[in-house]
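Only one structure is covered here, and it is reproduced in the block below.
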Amino acid sequence: MNIVAKDFTPVTTVPPLKASRISKEYLGGTFKALDDVSFELQENQITAFVGPSGCGKTTMLRIIAGLEYPTRGRLEVFGKNVQGPGPDRGMIFQAYTSFPWLTAMQNVEYGMKILKVPAAERRERTMNFLKLVHLEKFADTYPRSLSGGMKQRVALARTLAQNPAIILMDEPFGALDAQVRWEMQELMIELIEREKKTVVAITHDIEEAIYLADRIIFFSRQPGRIKADIPLTFKGGRRIKQKEELLEMPGYAELERQLFAMMREEIK
Amino acid sequence: MESAISKSRDASSFSQQNLPSENIEAAPIYIPPKERFLEFRRQPSAQRASVLAFAGALMFLGLWEAGHYLTPASARKFFPSIGEVGSALYVLFAERNFLQDVSVSCWRIFISFMAASAIAVPIGILMGSFGNIRALFNPTLTAWRYLPAASFIPLLLVWFGPTDQAKIALLFIGVIFFLISLVLDNTTAIQKEFVEAGLTMGASRSTILTGIVVPAALPAIFDSMRNMIAVSWTYLVIAEIVGAQDGIGAVMMRAGRFLNVDVIMAGIVTIGALGLLTDLIFRGICRALFPWNVERRS
């Protein structure tokens, strides 16, 4: 009889990432970069961390990546406590991290080599991902001869090829010029949609946040806290691939205005 | 109003100024300002650069020759001309088996430098990668760097006598401590995100060390080695004073005793030429080993 009752209980999904009461203190507690921050990520959602500089959004991302440790709090990936970095959380940095001593192809392969993916499968996946980031013609090119956007595409392919549960991006397009940045944003939306990934992206660019994200977490500074948690409902649960379409949607201008106002409040 | 907005949405509705395609008159030829010899940061063409390099060498040789003739005739034998040094060089190679001395010197440099690199490079990389290793060794090594290598000559003579080992040991001491600190700097200078990328990809510490830190730092390390082998050549004469028997330095010291200035200068010229050759070989090795690091010429 118990079995029947069990069937009726709703399926509780375990979030891909759960951050509970994270604090990060420096200088023996006199400076709080993060103060009691809690949130859960939703599966297959893109979350943008937005806030003024010095608000702790980078610290939060690095804590999720395991590159920094919180003073207090707990971090769970699919319900499991995590300590330190791991391939379940792939990271894309603002600085170009495609290794200059490896060709584009070897770079993409490198992450899978670490995970000991068999050679045949590795090669196939590498070519696949190089195609997805439109670099198949540059497979044997060293990063030195690639443009900034291409280097970042190599890093993106390398991270995606490792198939991490969560992808963390620290201002990944911050060093790119406006047009390349826009191309990369479109490519990223396309790839994330295809690969079904949970993403956290830091950006200081409000327009970029609205374009990329399904949800925006706005951080306030000193101490770093979540000031607002904004689901981007005006998109109607879709991801808009064309920027022109996004700009025309009702609600876009209002949201952008609100975010600018929040930013101004913080800067004061 | 409504129509104006919907119209402007279409990019083609913006007025576009079409340039006439059938331009009859050719655009005027642009005459750049006259180029002067001193232009900030302007690089000469390869051809011009080699002409300038040749001119620079000629200026040096001219000064040398002028120095010779400006010296009072009575003292002129202490400042031999280029021709005299050239003929001394010829006599050395043709009649006094100088090639044997040159190869002995080269061998000493090679062995001592290989030994110093074999120790300095791994230690430097470990110190640059791990703060605790750095804290363990750095204070002691810093003290060693301040000790002049020449001050070890008496000690080395007591330990080894006037042997090859004493000379190689001196050359070794002369470069190893500086090489360690250079390799340490080269290793700490790698982009920190390379290591962090390795960590987030789940690489082990040994994989990050051998697969990321070493290849990232190696071109700079080779550059440091190239600079330190030059220092090694500068120590050669000092090293070969220790029980001078053979080697370029020994030949020069012996010549000094008989005031054969032309032979001393021939020795200096030989060391200079060998130094230049070493440098070229090192650059060649770097280009071959690190094709990915070759400067793109624009």
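A note on names: the letters A, B, ... follow the listed sequences, proteins ahead of strands, and every chain is numbered from 1.
- Residue contact with chain B, scored on non-hydrogen atoms closer than 4.5 Å, is absent for A/Ile92.
- Atom CZ of B/Arg145 has more than 12 neighbouring heavy atoms from other residues, nucleotides or ligands inside a 6.0 Å radius.
- Counting non-hydrogen atoms of other residues, nucleotides and ligands closer than 6.0 Å to CG of B/Asn132 gives a total of 12 or fewer.
- The most heavy-atom pairs under 4.5 Å with chain B, out of A/Gly90, A/Pro100, A/Pro164, come from A/Pro100.
- Between B/Met201 and A/Gly111, the shortest heavy-atom contact is SD-CA, 3.7 Å.
- The CG atom of B/Leu199 sits 11.0 Å away from atom CZ of A/Arg89, with the distance rounded to the nearest 0.5 Å.
- Summarising the local packing, CD of A/Glu254 is surrounded by more than 12 heavy atoms from other residues, nucleotides or ligands at distances under 6.0 Å.
- If you take CG on B/Asn293 and CH2 on A/Trp101, they are separated by 11.0 Å, rounding to the nearest 0.5 Å.
- Residue A/Phe138 places its CZ atom among 12 or fewer non-hydrogen atoms of other residues, nucleotides or ligands, all under 6.0 Å distant.
- Interatomic distance, B/Glu196 CD to A/Thr97 OG1, rounded to the nearest 0.5 Å: 10.0 Å.
- In this structure, chain B has no heavy atom under 4.5 Å from any part of A/Thr141.
- Heavy atoms of other residues, nucleotides or ligands lying less than 6.0 angstrom from CZ of A/Phe39 number more than 12.
- Taking non-hydrogen atoms and a 4.5 Å limit, the residue list of residues 169-194 of chain B in contact with chain A, ordered by number, reads B/Gln191, B/Glu193, B/Phe194.
- Taking OH of A/Tyr110 as the start and CD1 of B/Ile212 as the end, the distance is 4.0 Å to the nearest 0.5 Å.
- Nearest heavy atoms, B/Gly202 versus A/Pro87: CA-CD, 3.7 Å.
- Atom-to-atom distance recorded for B/Trp292:CH2 and A/Thr103:OG1 is 13.0 Å, nearest 0.5 angstrom.
- Within 6.0 Å of CD in A/Gln83 there are 12 or fewer heavy atoms belonging to other residues, nucleotides or ligands.
- Taking a 6.0 Å sphere around CD of A/Glu124, one finds it holds 12 or fewer heavy atoms contributed by other residues, nucleotides or ligands.
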